[in-house]
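Indexing begins at 1, ligand by ligand and atom by atom, following the structure's order.
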Amino acid sequence: MLKALPEYETLAEQAHGHLCAGQILGLRMALYGVNLLGMTDPAGADRKRLVTYIEIDRCATDAIPIVTGCRLGKRALKFRDFGKVAATFCDLHEGRAVRLVARDDAKARAQELYPEIRNKNQQQMRAYRELSDEDLFESRWVRVAIGPEDLPGYKAARVECAQCGESIHFKREVIRDGRVLCRACAGERYYEPL
Ligand SMILES: [Zn+2]
Ligand SMILES: [Zn+2]
């Protein structure tokens, strides 16, 4: 079942290495997302229902799995590097999804609420615990088409890249001039072999 925010804060601090405003924001974001979807036990009974897309790799990102249970290695956490403090929570059973974006003015609200707290991180942590969901986030219902190859539990034979010979899972191969290539050999390589 869902826990109270302070309990999640303890878990987030352990997982992330420190407690910060980003952790509070990420926890609040995930709680709001699962609440809008009507899920009461995302990391337990509902764990096969939820897939989360996250659009930034920052402090808040680490807090999302604490509430949702969605992890990269379970294929239930999807990273789209859009550089936005935003996440989309998808309910696979109901076929619906809600996208939340952190409001840029939340920092200004924190400053208004607690001008006496000089430390910005402390100021924001306090405010992010107390502000309403609507003050912290914009929400919008969206449609997310998740292909079967992107779902947790997908099974298919791996294929071999015709160029480097490495194995490719989950249909990530591309066909170029009739050859089966991995995405690296097809031009998306982020490293140069030495
Ligand atoms: Zn942090
Ligand atoms: Zn290859």
Side-chain angles (χ1 to χ4, degrees), residues 3-33 43 52-73 77-87 100-111 113-114 117-131 133 135-137 149-150 154 156-194:
K3 304 180 206 318
L5 187 63
E7 286 183 70
Y8 283 125
E9 286 186 21
T10 303
L11 295 170
E13 184 175 11
Q14 287 165 2
H16 180 63
H18 63 247
L19 195 60
C20 59
Q23 295 303 295
I24 313 286
L25 195 68
L27 293 172
R28 290 289 310 272
M29 185 181 237
L31 283 165
Y32 189 26
T52 304
Y53 287 76
I54 182 83
E55 299 183 20
I56 198 161
D57 46 356
R58 222 169 67 176
C59 286
T61 308
D62 279 349
I64 302 278
I66 303 294
V67 173
T68 63
C70 293
R71 293 181 196 285
L72 199 60
L77 184 71
K78 312 290 187 188
F79 177 47
R80 295 290 183 271
D81 194 358
F82 292 177
K84 296 181 179 181
V85 185
L100 304 181
V101 187
R103 295 178 59 128
D104 287 331
D105 59 7
K107 283 194 174 103
R109 294 295 308 278
Q111 168 67 27
L113 280 172
Y114 297 109
I117 305 178
R118 295 294 176 81
N119 180 298
K120 289 286 175 202
N121 190 50
Q122 293 297 332
Q123 182 187 67
Q124 287 159 18
M125 281 172 60
R126 177 94 186 258
Y128 294 173
R129 287 184 182 109
E130 296 171 7
L131 285 167
D133 292 326
D135 280 334
L136 289 174
F137 308 105
E149 69 278 8
D150 287 328
Y154 176 79
R158 59 192 160 79
V159 298
E160 191 176 287
C161 174
Q163 194 157 314
C164 69
E166 293 177 357
S167 294
I168 309 156
H169 297 260
F170 302 139
K171 279 194 174 171
R172 266 40 178 187
E173 67 272 21
V174 290
I175 311 295
R176 282 284 157 76
D177 302 323
R179 298 169 79 213
V180 175
L181 296 180
C182 72
R183 289 169 68 166
C185 292
E188 291 184 48
R189 186 152 40 211
Y190 62 90
Y191 57 90
E192 279 305 319
L194 299 177

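With a 6.0 Å cutoff to the six-membered ring centre and a 45° limit on the axis angle, Arg189 counts as a cation-pi contact of Tyr191.
Distance check, rounded to the nearest 0.5 Å: CG of Leu77 to OG1 of Thr61 gives 8.5 Å.
Environment of NZ in Lys107: sparse, with no more than 12 heavy atoms of neighbouring residues, nucleotides or ligands closer than 6.0 Å. When the shell of 6.0 Å around CZ of Arg58 is examined, it contains 12 or fewer heavy atoms from other residues, nucleotides or ligands.
Around the Zn ion (ligand 1), the protein contributes the following N, O or S atoms under 2.8 Å, ordered by chain and number: His16 NE2, His18 NE2, Cys20 SG, Cys59 SG.
Between Leu27 and Ala12, the shortest heavy-atom distance links the atoms CD1-CB, 4.1 Å.
To the nearest 10 degrees, the angle centred on the Zn ion (ligand 2) between SG in Cys161 and SG in Cys164 reads 110°. The Zn ion (ligand 2) lies at the vertex of an angle of 100° between the SG atom of Cys185 and the SG atom of Cys182 (rounded to 10°).
Salt-bridge check for Arg183 with Glu188: passed, with a basic side-chain N closer than 4.0 Å to an acidic carboxylate O. Between Asp150 and Arg172, at least one side-chain N (NZ, or NE/NH1/NH2) sits under 4.0 Å from a carboxylate O, which counts as a salt bridge.
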